[in-house]
Amino acid sequence: MSYFSSNDARFSRGKILASAAVLALVASGATGEMAWSQSAPPHPAAAATSDSPAQSMPSFAPLIERVKPAVVSIKVKISNASADANDMSGQMGNLPPEIQQFLKRFGGQNGAFPNHPSAPMVGEGSGFFVSADGYIVTNNHVVQNAKTVTVTTDAGKTLEAKVVGTDPKTDLAVVKVNEAGDYPFVSFAKEAPRVGDWVVAIGNPFGLGGTATAGIISAEGRDIGDGPYDRFLQIDAPINRGNSGGPAFNLKGEVVGVNTAIYSPSGGSVGVGFAIPANTVDSVVEALEHGGVVKRGYLGVAIQPVSQDIADSMGLEAAAGAIVDQVTPGTPAAEAGLQPGDVITKVGGQPIKDAADLTVRIGSFKPGDKVVLTFLRDGADKTADVTLAALKNNSVAAAAADQNDSGGLLGVELAPAKQGSGVVIVNVDPNGAAADKGLAAGNVILEVAGKRVSDPDQVKSDIAASRREGKKAVLMRVQTADGDRFVAIPFPNA
């Protein structure tokens, strides 16, 4: 089942992006046509090929014959009997906005809005058996709000099914057929695929069940802004609306990903698709199979990326890791002694790329797991042993959404804060550094270069001291309406 909607600038399942041409990320799986081309190299030197023996194009027929019986088509019905046929917004009021938008724009068969007000909406997607007793993996958006679920096997048999569990954070769901049987099933790959590896996608595009396409892994670790645990495989195997929830196989017949989204100018295949990696799917399915919930570790910090300006202001070699904005009292982070301004660089000895990476890593642990955090404070590496709690209220290591380098100081009018500590920004020069960084009147500067401030002169002197020390930028902690955040302001000509 595929959903489309308009959106301003971010990737999202089933959301259309607008730029020079309308680009859409469709909640139906990935898309892509394999196009082979060759162009002249910019330099006459030829690439070494001695270690890359020529290989003939493989036939995928034996693989497809082996795994195709485990792939199913899924049809769901969503009742809207109480609404007026001429009032689609009322009839679809219980659906997410992006689904409503799709149905308004793309009414028709295979996921269409019905003409009769009492008729249910019908949507279609894909899935695959992961156990002989009838458990099936698909996308959450395929079965979301479903009143009934019907599964059609590769052999054409129709089976009633029920939703066992869903995990919206990863867009995964598990359903189980009602009829007992010994069903063909497939397993998840234990090894992550490499960029360039072959991948075969099988699913139900446009209601045409049992469709197989092939391509390669184009990239890995893609964050398309759809949720806190985005780390998609990018594939170019052509898949379309209706492929959502279908498997992507390696040449061993193992599932390497679940097709979830596409990026497309028309809603059809253009070669940029996204699949949830098998290691993520496997852990989520294990929790959902028997009606459970996915339990994730919780650290208790608000974090933001380490931009290059922040790295320069702190003397870091690279813009990597996650800087702590806030520590929630009574959480594992607070008990471990973490403080605002600490830069978390490793979890369990493994480097952290950025704030999103930390969120994914912490969420991959279970409540009660013990982890060792490595963080930078006052220029020195420190470690802390942390016992993670249970995730609540949609926070983990809560990454601030695209905070970038917001905030600043140069080009502002300051005054002492009337209540509490800090210095209030009274006015902002629209052409100054503060405006460039997104700060506004009413924001409160709490710290400059790691030191608490209480009057405008102290702010100015601490900035001057940072510049005398030869730093490229000065780091400040600023309180905004959305909470505390760190802001790095580069010095002119630094």
Side-chain angles (χ1 to χ4, degrees), residues 2 10-15 24-35 58 60 63 67 71 125-128 130 137-142 167 169-173 186-203 205 211-264 269-285 353-354 356-357 359-361 363-364:
S2 61
R10 294 184 64 83
F11 281 95
S12 179
R13 291 182 189 89
K15 295 184 178 179
L25 179 72
V26 182
S28 63
T31 94
E33 297 180 2
M34 287 187 60
F60 302 111
L63 165 66
V67 300
V71 183
S126 306
F128 54 99
V130 291
V137 172
T138 186
N139 280 140
N140 173 66
H141 73 257
V142 170
D167 183 42
K169 288 185 175 65
T170 54
D171 195 25
L172 290 168
V186 289
S187 301
F188 294 106
K190 300 303 180 184
E191 295 183 4
R194 300 172 302 169
V195 174
D197 282 350
W198 285 106
V199 62
V200 174
I202 302 179
T211 300
T213 57
I216 64 168
I217 301 292
S218 304
E220 58 186 359
R222 290 299 198 199
D223 181 354
I224 62 175
D226 198 67
Y229 304 105
D230 282 7
R231 279 299 182 268
F232 290 98
L233 297 174
Q234 181 180 328
I235 66 176
D236 74 349
I239 54 181
N240 292 277
R241 185 155 55 94
N243 275 105
S244 282
F249 293 100
N250 61 19
L251 295 187
K252 297 178 181 179
E254 301 168 328
V255 177
V256 296
V258 174
N259 302 315
T260 299
I262 63 173
Y263 185 64
S264 167
S269 171
V270 297
V272 182
F274 303 95
I276 306 168
N279 60 344
T280 298
V281 182
D282 196 9
S283 61
V284 170
V285 169
K353 297 178 181 178
D354 50 34
D357 188 28
T359 299
V360 172
R361 293 286 297 281
S364 69

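Counting begins at 1 with the first residue of the sequence.
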Could you check whether any side-chain heavy atom of Val258 comes within less than 4.5 Å of a side-chain heavy atom of Phe128, counting everything from C-beta outward? yes
Find out whether Asn140 and Leu172 are in side-chain contact, i.e. whether some heavy atom of one side chain is under 4.5 Å from a heavy atom of the other. no
Lys190 vs Asp282 side-chain heavy atoms within contact, under 4.5 Å: yes
With rounding to the nearest 0.5 angstrom, report the CG to OG1 distance, Asn259 to Thr213. 7.5 Å
Looking at residues at least two apart in the chain, or sitting in another chain, which of them share a salt bridge (charged side-chain N to carboxylate O under 4.0 Å, His left out) with Asp357? none
Please tell me if the side chains of Phe188 and Asn279 come closer than 4.5 Å, counting only heavy atoms from C-beta onward. no
Any side-chain heavy atom of Val360 sitting closer than 4.5 Å to one from Thr280? no
CZ of Phe232 to CG of Asp171, rounded to nearest 0.5 Å, is 7.0 Å
Could you give the distance from OG1 (Thr359) to CZ (Arg231), rounded to the nearest 0.5 Å? 8.5 Å
Quick one, Pro247 and Val255 - any side-chain contact, counting heavy atoms below 4.5 Å? yes
I'd like to check Phe249 versus Val199 (side-chain heavy atoms, cut-off strictly below 4.5 Å). Are they in contact? no
If we only count heavy atoms from C-beta on, is the Val272 to Gln234 side-chain gap below 4.5 Å? yes
Using modelled atom types and a 3.5 Å cut-off, is there a donor and acceptor pairing between side-chain atoms of Asn139 and backbone atoms of His141? no
Check whether any side-chain N or O of Asn243 sits under 3.5 Å from a backbone N or O of Asn240 as a donor-acceptor pair, and report yes or no. yes
Determine whether the side chains of Ser218 and Asp236 contain a donor N or O and an acceptor N or O closer than 3.5 Å. no
